[in-house]
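Only one structure is covered here, and it is reproduced in the block below.
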Amino acid sequence: MLRSLLRNLLSGPVATQLRRFVIVGATTAGIQMALLWAFVDVGGLNYLVGATIAIEITIVLSYVLNNAWTFRATQNTGLHDYLAGLLKTNVVRGSAIPIQLGVLYGLVEFAAITYLIANVAAILISGLYRFVFDSLWTWG
């Protein structure tokens with residue numbers, strides 16, 4: 001079972017979507033990191049507040065890119081479907097915010113890791129969760 005799952009992730013029908021999702025995620029993660037840095041180091045916000053704002057901005061950007069490219073075979077078209085998909089991805093990704101912020105907080109406060117490096121780990125940990133639920137519900 002595990003071997004079959006791994007094979008499908010590498011060469012099965014989900015593999016292309018997963019690769020595209022990772023590329024979009026890496027791009028938006030870079031943007032999220034830049035926004036987080038700007039909000040905290042330039043704007044003086046608390047790192048958790050800055051992370052929350054940066055996450056929400058990149059949720060919208062991720063939706064636009066994933067809808068157009070990653071899930072183009074099942075993309076949401078038309079105003080109603082597009083906005084419904086945006087709402088769904090906000091629910092999925094919004095439910096991942098506590099995961100990401102919890103990891104970020106734990107690494108910064110208890111492991112004394114700088115907030116930017118901790119945010120990378122938090123993005124990676126919450127990424128699989130987001131892929132599974134976005135692919136099943138937002139574009140499923």
Side-chain angles (χ1 to χ4, degrees):
M1 170 109 179
L2 180 60
R3 185 180 302 177
S4 174
L5 174 65
L6 292 174
R7 189 178 317 115
N8 282 338
L9 288 177
L10 295 175
S11 62
V14 177
T16 300
Q17 282 184 335
L18 182 58
R19 282 192 296 272
R20 289 178 178 180
F21 191 84
V22 168
I23 292 168
V24 168
T27 301
T28 56
I31 293 168
Q32 186 185 120
M33 295 295 290
L35 289 170
L36 177 58
W37 173 82
F39 293 147
V40 174
D41 286 5
V42 177
L45 292 177
N46 173 279
Y47 72 95
L48 294 173
V49 173
T52 303
I53 297 167
I55 290 167
E56 184 55 37
I57 291 169
T58 56
I59 284 173
V60 174
L61 179 58
S62 292
Y63 176 73
V64 170
L65 296 174
N66 278 316
N67 191 62
W69 188 48
T70 306
F71 299 101
R72 71 175 161 208
T74 56
Q75 74 181 185
N76 298 310
T77 58
L79 183 61
H80 179 268
D81 288 342
Y82 193 83
L83 293 177
L86 181 58
L87 178 63
K88 286 179 179 180
T89 202
N90 261 286
V91 169
V92 168
R93 291 167 181 268
S95 67
I97 290 174
I99 296 168
Q100 187 170 341
L101 292 179
V103 170
L104 176 61
Y105 178 81
L107 291 174
V108 169
E109 299 300 327
F110 300 113
I113 297 174
T114 181
Y115 77 93
L116 288 173
I117 293 171
N119 195 54
V120 171
I123 289 169
L124 292 173
I125 289 170
S126 63
L128 183 59
Y129 170 90
R130 292 187 315 266
F131 175 74
V132 168
F133 287 101
D134 260 343
S135 63
L136 292 174
W137 190 47
T138 306
W139 289 282

In the single-linkage hydrophobic clustering (I, L, V, M, F, W, Y; side-chain heavy atoms under 4.5 Å), do [X] and [Y] co-cluster?
| X | Y | answer |
| --- | --- | --- |
| Val42 | Ile57 | no |
| Trp139 | Leu65 | no |
| Ile117 | Leu36 | no |
| Ile113 | Val40 | no |
| Ile97 | Phe131 | no |

Restricting to non-hydrogen atoms, name the atom on [X] and the atom on [Y] that form the minimum distance, rounded to 0.1 Å.
| X | Y | value |
| --- | --- | --- |
| Asn119 | Leu104 | N-CD1, 3.6 Å |
| Ala54 | Leu35 | CB-CB, 3.8 Å |
| Tyr115 | Val108 | CA-CG2, 3.6 Å |
| Gln100 | Ser126 | OE1-OG, 3.7 Å |
| Leu107 | Ala121 | CD1-CB, 3.7 Å |
| Leu101 | Ala51 | CD2-CB, 3.8 Å |

Open item on the list: With a 3.5 Å distance limit and no angle check, can you tell me whether Thr89 reaches the backbone of Gly85 through a side-chain donor-acceptor pair?
Closed with: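 Absent.
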
Task: side chain to side chain contact (heavy atoms under 4.5 Å, CB included) evaluation trace for Val49 with Phe39 - done: CA-CA 9 Å; Val49 173; Phe39 293 147; over 6 Å; no

Any side-chain heavy-atom pair from [X] and [Y] closer than 4.5 angstrom?
| X | Y | result |
| --- | --- | --- |
| Gln75 | Asp81 | no |
| Arg130 | Ile123 | yes |
| Tyr82 | Asn67 | yes |

Open item on the list: Quick one, Thr27 with Val24, criterion side chain to side chain contact (heavy atoms under 4.5 Å, CB included). Give me CA distance, side-chain angles, the key distance, then yes/no.
Closed with: CA-CA 5 Å; Thr27 301; Val24 168; 5.7 Å; no

[atom1]/[X] to [atom2]/[Y] distance, rounded to the nearest 0.5 angstrom?
| X | Y | atom1 | atom2 | value |
| --- | --- | --- | --- | --- |
| Ile53 | Thr58 | CD1 | OG1 | 12.0 Å |
| Tyr105 | Phe110 | OH | CZ | 4.5 Å |
| Ile59 | Gln32 | CD1 | CD | 8.5 Å |

- [ ] Report the residues that fulfil side-chain contact (heavy atoms from CB on, under 4.5 Å) with Arg20, sequence neighbours left out, ordered by chain and then residue number.
- [x]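 side-chain contact (heavy atoms from CB on, under 4.5 Å) check on Arg20 returns Thr16, Trp69, Thr70, Arg72.
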
Task: Audit row: Glu56, Asn90, side chain to side chain contact (heavy atoms under 4.5 Å, CB included) steps and yes/no - done: CA-CA 8 Å; Glu56 184 55 37; Asn90 261 286; 2.8 Å; yes

- [ ] Just say parallel, tilted or perpendicular for the rings of Phe21 and Phe71, cut-offs at 30° and 60°.
- [x]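 Taking Phe71 first and then Phe21, their aromatic rings stand perpendicular (interplane angle over 60°).
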
TODO: I would like to know whether Asn76 and Tyr63 meet side-chain hydrogen bond (donor to acceptor under 3.5 Å, both in side chains); could you show each step before the answer?
DONE: CA-CA 10 Å; Asn76 298 310; Tyr63 176 73; 3.1 Å; yes

